[in-house]
Q: 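There's a structure below that I have some questions on.
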There are 2 protein chains.
Amino acid sequence: MLDAAVQVFSRRGYHAASMDEIAERAGISKPLVYLYLGSKADLFTACIRREAGRLREAITSVAEDGLAPQEQLWRGVNAFFGFVAQHREGWSVLYRQARGQGEPFSGEVAKMRRMIVETVAALIARAMAAEGVRKPAVEGDEVLALANALVGAGESLTEWLLDHPEESPEVTSARLMNLAWMGLSNVLRGKVWRPPAGPSR
Amino acid sequence: MLDAAVQVFSRRGYHAASMDEIAERAGISKPLVYLYLGSKADLFTACIRREAGRLREAITSVAEDGLAPQEQLWRGVNAFFGFVAQHREGWSVLYRQARGQGEPFSGEVAKMRRMIVETVAALIARAMAAEGVRKPAVEGDEVLALANALVGAGESLTEWLLDHPEESPEVTSARLMNLAWMGLSNVLRGKVWRPPAGPSR
DNA sequence: AAGTAAGGTTACGCGCGAGTAGGTAGACTG
DNA sequence: CAGTCTACCTACTCGCGCGTAACCTTACTT
């Protein structure tokens, strides 16, 4: 039943999805949906919760403690792309639909995203500590911003992956790791990019 | 009048925005809106067109020909973040609202995004050519994927920037350039990241 | 066989908002 | 001053879709 809801939500979007269609696709009648899961918003929230839980599970299950940050990031990224490739509809609901609309659900999704960003940030911080980088080189929020950028790159590559079914999740993961880790490794060693001289205007 | 529409659309989202509210905020009555710009979809499209045009203009106006790829990318990125920081509502409409819903507008926005991605890809390609990288090292689509990742990182940093008004666009640009150019410079020199040995499962 | 509870269904109420019909006020024409 | 044209508004229609009231059916009890 949640499967039917996820399908319809992913195809139509939250507003355009009608409870009638969801009920029909689930093979039951509308009042039953209301009986089990309350309002439309509740139903959508339930979908989000389930998909978010699955995604979270897919990622955390491969990230064993004690591994090197690089290895953990690789595994997590890999698990992420693998999951998305297999749960296109779920991802579509989570990412495309649940972002933006006024308040009710965005919080749920934003929370999960923040968790991912913080996990990535923690990995970066560990990697930095391992390399013995001094604090002043990289401010506190700096790491969070970097993690944000990486996650954004991942999201964008996800769209790419879904639009190019011939690409494998592994290759996509490797691309992201290349961008991320190679860029980081330079920064970690103190090699930073500086804007060219002169005012840009 | 488009200003009013952009305001309301950005606050409420496309579906939740009512023509009454837009008309009221514009200081005119509803039939006038229909007289000038047809349906609600047409109005939204007009908003998107204008904002997209402005964004495009802001970026292309600083990217003079003949500069080094690095310099061009820096200028473009800088212009992008600067624009977004000053046109929050416009960005919100373009990015948060117009992505995803079924077809009618997503095409308009997707087109612009694709243009940006291709521009970035072209810069990367030029940079590679300048460094004398051989084709086989990086396949054709590879560059596009990379550009996609960079653009995604930029989008994500945009959200970050909007959530942290104390951050300056320049700093954000520098962060992105660090991630991008430093990562690229490694890859350009043939240093690529390889997954650790052993099956990931 | 009558009572009743569980697990469904059909068919409706009702609000909301896109789009419109028809009217009004002023400016311009002969 | 009658005609009419422009520019705009008030007040409506109408469809859509969420949520629900009332009804039906099957199985189980006494």
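Chain A is the first sequence line, chain B the second, and so forth, proteins listed ahead of strands; every chain is numbered from 1.
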Q: Salt bridge or not between A:Asp42 and A:Arg49? Use side-chain N to carboxylate O under 4.0 Å.
A: no
Q: To the nearest Å, give me how far apart OH (B:Tyr14) and C1' (C:dG17) are.
A: 12 Å
Q: Between C:dC16 atom P and A:His15 atom NE2, what is the distance in whole Å?
A: 16 Å
Q: Rounded to the nearest 0.5 Å, what's the gap from CG on A:Leu55 to CZ on A:Phe83? Could you check?
A: 5.0 Å
Q: Tell me which pairs pass side-chain hydrogen bond (donor to acceptor under 3.5 Å, both in side chains) where either residue lies in residues 52-66 of chain B, with sequence neighbours left out.
A: B:Glu64-B:Arg75
Q: For A:Ala26, check side chain to side chain contact (heavy atoms under 4.5 Å, CB included) against everything at least two apart and list the hits.
A: A:Ala4, A:Ile28
Q: Report the distance from atom CG of B:Leu43 to atom P of C:dA18, rounded to the nearest whole Å.
A: 10 Å
Q: With sequence neighbours excluded, tell me which residues meet side chain to side chain contact (heavy atoms under 4.5 Å, CB included) with B:Ala41.
A: B:Tyr14, B:Ser39, B:Phe105
Q: Between the axis at one end of the helix from C:dA1-D:dT30 to C:dG30-D:dC1 and the axis at the other (five pairs apiece), what's the angle to 10 degrees?
A: 30°
Q: Going by ring pair (Phe, Tyr, Trp, His ring centres under 6.0 Å), name the residues that satisfy it together with A:Trp91, two or more places apart in sequence or in a different chain.
A: A:Phe80, A:Tyr95
Q: Quick one: side chain to side chain contact (heavy atoms under 4.5 Å, CB included) partners of A:Ser156, sequence neighbours excluded?
A: B:Arg113, B:Asn148
Q: Between the protein and nucleotides 23-27 of chain C, are there any N/O to N/O pairs under 3.5 Å, and if so, what are the atom names and distances?
A:
none

Q: Give B:Ala41 one of three labels, base, sugar-phosphate or nothing, depending on what nucleic acid heavy atoms sit under 4.0 Å from its own.
A: nothing
Q: Using the side chain to side chain contact (heavy atoms under 4.5 Å, CB included) criterion, which residues pair with B:Leu179? Sequence neighbours excluded.
A: A:Ala149, A:Leu150, B:Ala153
Q: Assess the residue pair B:Leu184 and B:Met128 against the criterion (side chain to side chain contact (heavy atoms under 4.5 Å, CB included)); give the C-alpha distance rounded to whole Å, side-chain angles, the decisive distance to 0.1 Å, and a yes or no.
A: CA-CA 9 Å; B:Leu184 273 182; B:Met128 282 172 49; over 6 Å; no
Q: Can you tell me the distance, in whole Å, between the CD atom of B:Glu24 and the P atom of C:dG17?
A: 13 Å
Q: Within residues 27-34 of chain A, which residues have any heavy atom lying less than 4.0 Å from an atom of DNA chain C?
A: A:Ser29, A:Pro31, A:Leu32
Q: Taking CZ from B:Phe9 and P from C:dG17, how many angstroms apart are they, rounded to a whole number?
A: 13 Å
Q: Reading DNA chain D in the 5' to 3' direction, which nucleotide is the first one with an atom under 4.0 Å from a heavy atom of chain A, and which is the last?
A: D:dC18 to D:dA21
Q: For A:Tyr34, check ring pair (Phe, Tyr, Trp, His ring centres under 6.0 Å) against everything at least two apart and list the hits.
A: none
Q: Hey, does B:Leu2 have a side-chain heavy atom less than 4.5 Å from the side chain of B:Glu51?
A: no
Q: What distance separates B:Gln97 CD from B:Ile48 CD1, expressed to the nearest 0.5 Å?
A: 9.5 Å
Q: Before accepting this row, confirm whether a basic side-chain N of the pair A:Glu167/A:Arg175 lies closer than 4.0 Å to the acidic partner's carboxylate O.
A: yes
Q: Nearest whole Å is fine: how far is C:dG15 C1' from A:Lys40 NZ?
A: 15 Å
Q: Checking all strands, does A:Ala16 fall into the base, sugar-phosphate, or nothing category for heavy-atom contacts under 4.0 angstrom?
A: nothing
Q: How would you list, by chain and number, every residue that makes a salt bridge (charged side-chain N to carboxylate O under 4.0 Å, His left out) with A:Glu166, sequence neighbours excluded?
A: none
Q: Between P on C:dA21 and CG on B:Leu35, what's the gap in Å once rounded to a whole number?
A: 13 Å
